[in-house]
Asker: 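Let me give you the structure first, and then I'll get to my questions.
All values below come from the heavy atoms of this structure, side chains included, with hydrogens, waters and symmetry mates left out.
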Amino acid sequence: MSKQTYKVGFFFRRQFTMAAAEAPADIKSLFKRYSDDSGVMSVQNLHSFLIEIQKEKNVSLENAEAIINNHGGDSKQKGLQLDGFFKFLFSDVNPPLDPKLGIHHDMTAPLSHYYIYTGHNSYLTGNQLSSDCSDVPIIQALQRSVRVIELDIWPNSDKDDIEVLHGRTLTAPVTLIKCLRSIKEHAFCASEYPLVITLEDHLTPDLQEKVAEMITQTFGEMLFSPSESLKELPSPESLRKRVMISTKPPKEYLKSKEVKEKDDTKKEAELFIVSTSSRNPLIDLPHNVFQQDDVDEEEDEDDEEDSKSDKKAASEYKRLIAIHAGKGKGGLSDWLRVDLNKVRRLSLSEPELEKAVDTHAKEIIRFTQHNLLRIYPKGIRVDSSNYDPFVGWMHGAQMVAFNMQQGYGRSLWLMHGMFRANGGCGYVKKPDLLLKAGPDNEVFDPTANLPVKTTLKVTVYMGDGWDKDFDQTDFDTYSPPDFYAKLGIAGVPADEVKKRTETIDDNWIPSWNEQFEFPLTVPELALLRIKVLDYNLSDKDEFAGQTCLPVAELRQGIRAVPLYDRKGEKYSSVKLLMHFEFK
């Protein structure tokens, strides 16, 4: 096809975008079933359609009338013709998740009963080794309802102030006070539920005292600082618009400093190996980036005076900590021991978790019923990529910490999908099966062969909107795209499956009309993944949109499913027309 002919085709393609002629046969059949002999769907018949096919509860005749009025209804006959009906089904007012549902989970349980939207190294603008540190990614995370912000705090070069940076790398620092002020301003712009700030503390006692002063002055009454160690975590509801600090108490920090330095040396060696690989863009980093900071082992002249000062500083700092963090002594069994007289936060790296679930899966789930477990990416993810969040989620981990700033792809899309649930408030109630023990004190086993609870039946009818959101040459230079859709379930291993439609050649408005079934053993944890690609015979298939939806909140019926770009930003026009049914 020549460029000139293609442009003509492009013009006519736009004319047919909203035409009823494009409607799938099922849609035409349903319209015929719910309309009268004159080809008009009345208010009463639309009301019946919404109840019987769309499975909508509490829908009124007034709701049906408003739909007709807003979608080109016939004023004389007071009803919808096929064009208007099709336009309604493919509109933004017919999404797969009900916006009226809002925050509907019980928010009065302890924090340990929720998945919490968690960021990792929230201040980084890009990779883990050489990107700038800034308050901008922190603000962007808060605008997405992220509820856990991580700050690595270090002394500045003059040792008289505090900076936020990824230590012992080339990341350019940002001042702590700037981050704190931005957090205060944006903390509750998208969600009123509590914000947790986790601090990775590399400070001397005098600077810890300065941090305590900064935090107290910045947040004031917003700060939740219990007078004694918590025996049970408070609920999100009780902590609306409150900020909590979580870090190691000073004493534990000092005791663990030697161990941490050894761990850091090992991690830095791993990072150095990766950074000097031939495929890594950071090959030119100087070797001394990964050297340990010098440790001052000289004793001060007035030990007693410094000791008193340090104790005072530690006391001020410790008083701010709402959720104490730390592994404690011993190995994994000791770390996971539950103390009913106090709660704490345990952090495990991605590989630590993978090993732990092989040997201590039940202990992890029991631990997370009372305490908080945070998972963070392994050190060699210098490109700010992410990992499979379900390893943590299906074992009860509340804080699965992700790089939000750059690690775009399947893992981050799953994270976005999980936290679309419960009104997008950043807190999602964990399923009861992870919160309760059985008759013999047995806990949930995500690898068990469980019976199917329900089957999700999905029909992919068609897609539209690419011609508005993309240039005509974005996919193929001289012809329309060849779209196909990939669908899959992410969840417990027994439920995970991938499927795909056929490829529709040379069409900006692909019509697939394909049906798929997904048997689910744990639908409470399942996410429906959808991705559209343009098929290329001689090159990599091109990305054309994606979304991820919590199965437990899917609305049954025919829905317009908006797609998102790689970063998770919603396209203006691109949508799929799909049908969801549980049986």
Side-chain angles (χ1 to χ4, degrees), residues 107-116 118 147-148 150 193-201 205 208 211-212 215-216 219 223-239 242-257 259-260 311 313-349 352-353 356 360-376 392 395-401 427 429-430 434-437 441 443:
M107 302 300 284
T108 62
L111 288 175
S112 55
H113 289 208
Y114 300 84
Y115 297 123
I116 310 173
T118 302
R147 296 290 82 198
V148 183
E150 181 187 22
Y193 287 100
L195 178 71
V196 180
I197 302 174
T198 61
L199 299 177
E200 285 296 323
D201 177 357
Q208 287 179 340
V211 169
I215 290 174
T216 302
F219 295 109
L223 199 64
F224 174 73
S225 301
S227 56
E228 56 186 27
S229 295
L230 296 170
K231 293 184 178 180
E232 183 179 67
L233 289 163
S235 71
E237 186 62 38
S238 69
L239 293 173
R242 302 296 293 275
V243 174
M244 292 185 290
I245 304 299
S246 179
T247 188
K248 291 179 182 178
K251 185 178 179 182
E252 293 180 34
Y253 166 73
L254 293 172
K255 284 183 177 180
S256 66
K257 186 175 182 182
V259 175
K260 171 145 180 69
K311 286 179 180 178
S315 175
E316 293 295 319
Y317 187 69
K318 187 173 182 178
R319 195 185 319 149
L320 295 179
I321 303 172
I323 304 171
H324 288 203
K327 288 180 176 176
K329 298 178 181 178
L332 189 58
S333 295
D334 297 303
W335 300 347
L336 295 170
R337 186 170 288 117
V338 176
D339 183 348
L340 295 178
N341 291 315
K342 65 177 181 180
V343 293
R344 58 192 172 92
R345 172 176 65 83
L346 171 67
S347 287
L348 295 177
S349 68
E352 281 179 326
L353 176 69
H360 292 73
K362 293 181 180 179
E363 289 87 342
I364 293 172
I365 292 175
R366 289 193 182 98
F367 179 84
T368 58
Q369 291 173 347
H370 185 65
N371 301 280
L372 296 177
L373 176 59
R374 174 181 171 270
I375 311 302
Y376 58 94
H395 289 90
Q398 300 89 351
M399 297 179 174
V400 178
Y427 283 82
K429 188 81 156 50
K430 293 196 289 186
L434 282 168
L435 300 174
K436 299 175 182 177
N441 201 32
V443 295

Asker: Looking only at heavy atoms, what is the nearest atom pair of Ala109 and Lys429, with distance?
Answerer: CB-CE, 3.9 Å
Asker: Please confirm whether the backbone N or O of His324 pairs with a side-chain atom of Arg344, one donor and one acceptor, at under 3.5 Å?
Answerer: no
Asker: Going by heavy atoms in the side chains, are Tyr115 and Leu434 under 4.5 Å from each other?
Answerer: yes
Asker: CE of Met399 to CZ of Arg345: how many Å apart, nearest 0.5 Å?
Answerer: 6.5 Å
Asker: With side chains defined as the heavy atoms from C-beta onward, is the minimum distance between Val343 and His370 less than 4.5 Å?
Answerer: yes
Asker: Are any of the side-chain heavy atoms of Lys430 and Tyr114 separated by less than 4.5 Å?
Answerer: no
Asker: Any side-chain heavy-atom pair from Phe224 and Pro234 closer than 4.5 angstrom?
Answerer: yes
Asker: Looking at Glu150 and Arg374, does any basic side-chain N land under 4.0 Å from a carboxylate oxygen?
Answerer: yes
Asker: With distance as the sole test, does Thr216 use its side chain to make a donor-acceptor pair with the main-chain N or O of Ala212 at under 3.5 Å?
Answerer: yes
Asker: Does Gln398 use its side chain to pair, donor to acceptor, with the backbone of Thr368 at less than 3.5 Å?
Answerer: yes
Asker: One pair to check against side-chain contact (heavy atoms from CB on, under 4.5 Å): Arg147 and Val196. What are the steps and the verdict?
Answerer: CA-CA 6 Å; Arg147 296 290 82 198; Val196 180; over 6 Å; no
Asker: What I want to check is whether the side chains of Tyr193 and Glu237 have a donor and an acceptor closer together than 3.5 Å.
Answerer: yes
Asker: Quick one: CG on Leu320 to OG on Ser315, what's the gap to the nearest 0.5 Å?
Answerer: 10.0 Å
Asker: Could you state the interatomic distance from CG (Asp334) to CG (Leu332), rounded to the nearest 0.5 Å?
Answerer: 9.0 Å
Asker: For the CG atom of Leu373 and the NE2 atom of His395, what is their distance to the nearest 0.5 Å?
Answerer: 10.5 Å
Asker: Would you say the side-chain atoms of Lys327 pair up with the backbone N or O of Leu346, donor to acceptor, closer than 3.5 Å?
Answerer: no
Asker: Strictly distance-based, threshold 3.5 Å: is any side-chain N or O of Tyr427 a donor or acceptor partner for the main-chain N or O of Leu111?
Answerer: no
Asker: Hey, mind stepping through Lys248 and Asp201 against side-chain contact (heavy atoms from CB on, under 4.5 Å) and telling me if it holds?
Answerer: CA-CA 8 Å; Lys248 291 179 182 178; Asp201 177 357; over 6 Å; no
Asker: Is the backbone N or O of Thr198 less than 3.5 Å from a side-chain atom of Thr247, with the two atoms forming a donor-acceptor pair by type?
Answerer: no
Asker: For Lys342, is there an ion pair with Glu228 - N to carboxylate O distance below 4.0 angstrom?
Answerer: no
Asker: Given Leu195 and Val148, is the side-chain contact (heavy atoms from CB on, under 4.5 Å) satisfied, shown in steps?
Answerer: CA-CA 6 Å; Leu195 178 71; Val148 183; over 6 Å; no
Asker: Can you find a side-chain donor-acceptor pair between Ser333 and His360 that sits under 3.5 Å?
Answerer: yes
Asker: Examine distances only and state if a side-chain atom of Gln369 and a backbone atom of Ser112 form a donor-acceptor pair shorter than 3.5 Å.
Answerer: no
Asker: Roughly how far apart are Leu348 CG and Trp335 CH2, rounded to 0.5 Å?
Answerer: 6.5 Å
Asker: So do Leu199 and Ile215 actually touch side chain to side chain, heavy atoms under 4.5 Å?
Answerer: yes
Asker: Grab the two heavy atoms, one from Ser246 and one from Ile321, that are nearest each other, plus how far apart they are.
Answerer: CA-CG2, 4.5 Å
Asker: If I take atom NZ from residue Lys231 and atom CG from residue Asp339, how far apart are they, to the nearest 0.5 angstrom?
Answerer: 10.0 Å
Asker: Using side-chain heavy atoms (C-beta onward) and a distance below 4.5 Å, is Asn371 in contact with Leu336?
Answerer: no
